[in-house]
Amino acid sequence: MILSEAANPGLFFNLVPWIVFFPVIGLLINLIFGRRMSEKAIGTVASLASGLAFVVSVLLAYSLSAVQGHAQTVYLAEWIHIGTLQLDWTFRVDTLSAVMMLVVSGVGTLIHIYAIGYMHEDVRFKNDVGRFRRFFVFLNLFIAMMMILVSGDSYLMLFVGWEGVGLCSFLLIGFWYDMDTLARPSTANADAGKKAFIANRVGDFGFLLAIFTTFWAFGSLQFDTVFSQVEHAPAAVITAITLFMLIGVAGKSAQVPLYVWLPDAMAGPTPVSALIHAATMVTAGVYLVARSAPLYSAVHGAQYIVAMVGAVTALFAATIAVGQYDIKKVLAYSTISQLGFMVAAVGMGAFVAGMFHLVTHAFFKALLFLSAGSIILGMERGHHHLAHGHGEHDGDEEVFDPGDMRNMGNLRKRMPVTFWLYMVGTLALAGIFPFAGFWSKDEILLDAKLHFPGVYTLLAIAAFLTAFYMGRQIWMVFFGQERTEVAEHAEESPPVMTVPLMVLAALSLLGGALNLPGVYTLTRWLEHTIEGAEAGEFSFMVAGVSTALALLAIFISWLLYGRKPLAAGQPDPLKKMLGPIFTGMENKWFVDEGYKAVFIDRYNDLAYFLAQTLDWKFWHDWLHEQVIFRAFKGLTRFLADPVDLGFIDAIANGLANKTKQASASLRRIQNGFVRSYALSVLLGVVTILGYLLFK
């Protein structure tokens, strides 16, 4: 390993490969020896591997601060050397990558610890204890691939991690590939994994085009080399690269129109949902734009397009979240909406605000997803208690969805710890002072108001809806009367699950201190990497308006769902008020149906045409059976009758007949009489003498 500059012996930059090696070692230990290890040992190994990566990340951040944030590169191995393309596996340690390393490994470690308790119960509810080890192998692989993504020193190395997290998402979303969310045999989870994989391949195609164009324009894919040439490159080329990247961002960070895979990602176990939505995969697109800040800053047209895509996504997804009943689906569309805030921020050039919201969102969205998992398992425990504890219900006959909010109610009394932790995450997401989301979201709104009024309007409405649908969720899940007997028997989660939630709750409360007005710690940290990084002065007007909108939304949600809580079987009050609008929200604006009609059904029609019409009817029935077979049959008849029988056999038969005729004639000479032979000898002698005499 070689540092780009003389290394200070007291610093730890040479440890950077271990952010990848520790998770890989953890997954190898569990993969090789896991069958002989207890669940506690498997979970401990996986959590320790992620935790050690976090320790290394902390040491790297300390080392960066000691060198005043100056970027360092650490060479590990030679990779691709072809012509002018010289690429090695080189790690880049700068303030931007350090932030991502800390978030990925820190939040990832808490999710690993939580997953020990969650998966212990989940594999038993699903009747497949053997998958516990496989889950943690995949989880460690996810951390390793995300670390490769954020630590690479070139676009191609970043792309390796980019593809790796796509693979891990496929493996983990479809983890229960042979059963659906109701634990019945199904392909629903497998389909969700394939949907995520295919949607991301569309985005990856755009990113690949960006990579190819970058190498064509700059002759390199190494970040510093590319960025140093930006000011001399044609604006059209930079615009093409940035817009191609936007396609990749739309796929990986679930933006319009490629967001459709992320809600279905809820098919995976809840720790997977938290890892994907909070700390790893979906943040990759935001990181890519922030990493490419010099490119986006050079073309304002591309910035506006990226900002509008983010703002439209934020509002569109928020409207869908209003009409959902699955507790994780609400959070999934919330993630899409919050990613829209981040993409809008980095698109506007507010890179610090975007990264600030990425960090705080990782805290409170991980808290919310893991708390939702705690609620779902609490409901599962209640259902298990009824089905097996008292024998009052037959679990094989009764289909019960533990994630449907309509089946809940009054869980604040059944699960008080989870309730208070969920409230912290909700207030942070809604942007209520002094929680972390208040500070990071308002920075984005301030930048939008100053430079992109249209984006500000869309984001402000999205922020209002965010507070509303989270208030709706709180009233439906935790207040009122229990709407099912299962909710009456819901049970609190064990400390192995609630303690990580408490840490995340503390971060959700205090995380805003990372970039408080007047201090701007994160701004000063990132300005070492992102040139021109700055934060706008705190605006009491913007903060006041956003807070007032959030409180108004929560009050309206109380009027509809809290003042008179829903009873069992009662329709949603918004359904009567909004009519077809709520139907659209409830059905996700029929986007999936539209994709199915326009793309999937047409693809199936094309596949059917190619299989039945082209392959079978044309290629098999006509070309093979009619053209080739008949031509072959005709040729064989021609070769058999006229050629073989008529010509070749005729020659052979003619020779035989001539031989037969000759033998019949010669046979007359061989008659068996001595006098005939003597006469033949006499004639022979006379002939010879006559010949000699005349000669």
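One is the number of the first residue; the rest follow in order along the sequence.
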Under 3.5 Å donor-acceptor pairs involving side-chain atoms of residues 164-174, not counting sequence neighbours:
{"residue": "Ser169", "atom": "OG", "partner": "Val165", "partner atom": "O", "Å": "3.4"}
{"residue": "Ser169", "atom": "OG", "partner": "Gly166", "partner atom": "O", "Å": "2.6"}

Donor-acceptor pairs are to be reported for all side-chain atoms of residues 599-617 against protein atoms at under 3.5 Å, with residues two or more places apart or in another chain.
{"residue": "Asp601", "atom": "OD1", "partner": "Lys596", "partner atom": "NZ", "Å": "3.0"}
{"residue": "Asp601", "atom": "OD2", "partner": "Lys596", "partner atom": "NZ", "Å": "3.4"}
{"residue": "Arg602", "atom": "NE", "partner": "Asp605", "partner atom": "OD2", "Å": "3.1"}
{"residue": "Arg602", "atom": "NH1", "partner": "Ala597", "partner atom": "O", "Å": "2.4"}
{"residue": "Arg602", "atom": "NH2", "partner": "Asp605", "partner atom": "OD2", "Å": "2.7"}
{"residue": "Asn604", "atom": "ND2", "partner": "Ile600", "partner atom": "O", "Å": "3.4"}

Under 3.5 Å, sequence neighbours excluded: what are the donor-acceptor pairs made by side chains of residues 22-34?
{"residue": "Asn30", "atom": "ND2", "partner": "Ile42", "partner atom": "O", "Å": "3.3"}

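Here the straight-line distance linking atom CE of Met146 with atom CD1 of Ile148 works out to 11.5 Å at 0.5 Å rounding. How far CE of Met119 is from CG of Leu139: 9.0 Å, rounded to the nearest 0.5 Å. Atom CD of Glu625 and atom NE2 of His620 lie 4.5 Å apart (nearest 0.5 Å). Distance check: Met245 CE to Tyr296 OH gives 6.0 Å after rounding to the nearest 0.5 Å. With rounding to the nearest 0.5 angstrom, the OG1 atom of Thr270 is 12.5 Å from the CG atom of Leu275. Note that OG1 of Thr214 and CG of Leu208 are 11.0 Å apart. Values are rounded to the nearest 0.5 Å.
Gly108 and Ile143 make their closest contact through CA-CD1, 4.1 Å (heavy atoms, listed as atom of the first residue, atom of the second, distance). Nearest heavy atoms, Ala267 versus Asn189: CB-OD1, 3.2 Å. For the residue pair Leu262 and Val282, the shortest heavy atom distance occurs at CD1-CG1, 3.9 Å. The shortest heavy-atom contact between Pro269 and Asp122 is CB-OD2, 4.2 Å. Listed here is the closest heavy atom pair of Val230 and Pro294: CG1-O, 3.7 Å. When all heavy atoms of Thr659 and Leu655 are compared, the pair lying nearest together is OG1-O, 2.7 Å.
Between Asp128 and Arg134, no side-chain nitrogen of the basic residue sits less than 4.0 Å from a carboxylate oxygen of the acidic one, so the salt-bridge criterion is not met. A salt bridge between Asp94 and Arg291 is present, with a side-chain N of the basic residue lying under 4.0 Å from a carboxylate O of the acidic one. The existence of a salt bridge linking Glu121 and Lys126 is excluded, since no basic side-chain nitrogen approaches an acidic carboxylate oxygen closer than 4.0 Å.
Asp401 contributes a side-chain N or O that, together with a main-chain N or O of Gly403, makes up a donor-acceptor pair within less than 3.5 Å. Between the side chain of Gln229 and the main chain of Thr225, a donor-acceptor pair closer than 3.5 Å is present. The backbone N or O of Gly251 sits less than 3.5 Å from a side-chain atom of Trp261, completing a donor-acceptor pair. A donor-acceptor pair under 3.5 Å is absent between the side-chain atoms of Tyr75 and the main chain of Trp89, judged by distance alone. Ser50 places no side-chain N or O within donor-acceptor distance of the main-chain N or O of Ser47, the cut-off being under 3.5 Å.
Between Arg131 and Trp176 the shortest side-chain heavy-atom distance falls below 4.5 Å. Using a 4.5 Å heavy-atom threshold, the side chains of Asp204 and Ile247 count as separate. At least one side-chain heavy atom of Ile336 sits under 4.5 Å from a side-chain heavy atom of Pro263. Side chains of Trp162 and Met145 form no contact here, defined as non-hydrogen atoms less than 4.5 Å apart. Residues Thr73 and Val93 are not in side-chain contact: their nearest non-hydrogen atoms beyond the backbone lie 4.5 Å or more apart. For the pair Thr313/Val343, no side-chain contact is recorded, criterion being any heavy-atom separation below 4.5 Å from C-beta on. For the pair Met157 and Leu149, the minimum side-chain heavy-atom distance is 4.5 Å or more. Side-chain contact between Glu39 and Arg133 is absent, with no heavy-atom pair separated by less than 4.5 Å.
Under the ring pair (Phe, Tyr, Trp, His ring centres under 6.0 Å) rule, Phe175 has a single partner from Phe136, Phe132, Phe135, which is Phe135.
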Go through Tyr259 and Phe316 one step at a time and tell me if the ring pair (Phe, Tyr, Trp, His ring centres under 6.0 Å) criterion holds. CA-CA 11 Å; Tyr259 71 92; Phe316 184 74; 5.8 Å; yes
Give the intermediate values and the outcome of side-chain contact (heavy atoms from CB on, under 4.5 Å) for residues Val45 and Met37. CA-CA 10 Å; Val45 167; Met37 295 164 59; 3.8 Å; yes
When you look at Trp216 and Phe218, which way does the ring pair (Phe, Tyr, Trp, His ring centres under 6.0 Å) test go after all the steps? CA-CA 6 Å; Trp216 169 74; Phe218 302 108; 9.3 Å; no
Given Ile116 and Lys40, is the side-chain contact (heavy atoms from CB on, under 4.5 Å) satisfied, shown in steps? CA-CA 7 Å; Ile116 297 173; Lys40 185 177 180 180; 5.8 Å; no
Is there a side-chain contact (heavy atoms from CB on, under 4.5 Å) between Leu221 and Leu87 once you walk through the steps? CA-CA 8 Å; Leu221 295 174; Leu87 288 174; 4.2 Å; yes
Show, in sequence, the C-alpha distance, side-chain angles and deciding distance for Gln72 and Phe91, and conclude whether the side-chain contact (heavy atoms from CB on, under 4.5 Å) test is met. CA-CA 8 Å; Gln72 303 285 327; Phe91 291 86; over 6 Å; no
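Seen from the ring of Phe197, Arg201 counts as a face-on cation partner, given the 6.0 Å and 45° thresholds.
Crowding of Trp79 atom CH2: a count of heavy atoms from other residues, nucleotides or ligands under 6.0 Å exceeding 12. Counting non-hydrogen atoms of other residues, nucleotides and ligands closer than 6.0 Å to CZ of Phe590 gives a total above 12. Remark: Arg124 CZ is packed, more than 12 non-hydrogen atoms of other residues, nucleotides or ligands lying under 6.0 Å away.
You'll find the ring centres of Phe159 and Phe207 inside the 6.0 Å limit.
In this view, Lys195 and Asp264, Asp592 satisfy the salt bridge (Lys or Arg N to Asp or Glu O under 4.0 Å) rule, not counting sequence neighbours. Applying the salt bridge (Lys or Arg N to Asp or Glu O under 4.0 Å) test to Asp641 and every residue at least two apart in sequence or in another chain returns nothing.
For residues 140-160, every residue pair satisfying the side-chain hydrogen bond (donor to acceptor under 3.5 Å, both in side chains) rule, not counting sequence neighbours, is listed here: Arg92-Asp153, His112-Asn140, Asp153-Gln222, Tyr155-Ser292.
Ring planes of Trp18 and Phe21: perpendicular class, angle over 60° (limits at 30 and 60°). Ring geometry for Phe227 against Phe223 counts as parallel: the plane angle stays under 30°, on a 0 to 90° scale with 60° as the upper cut.
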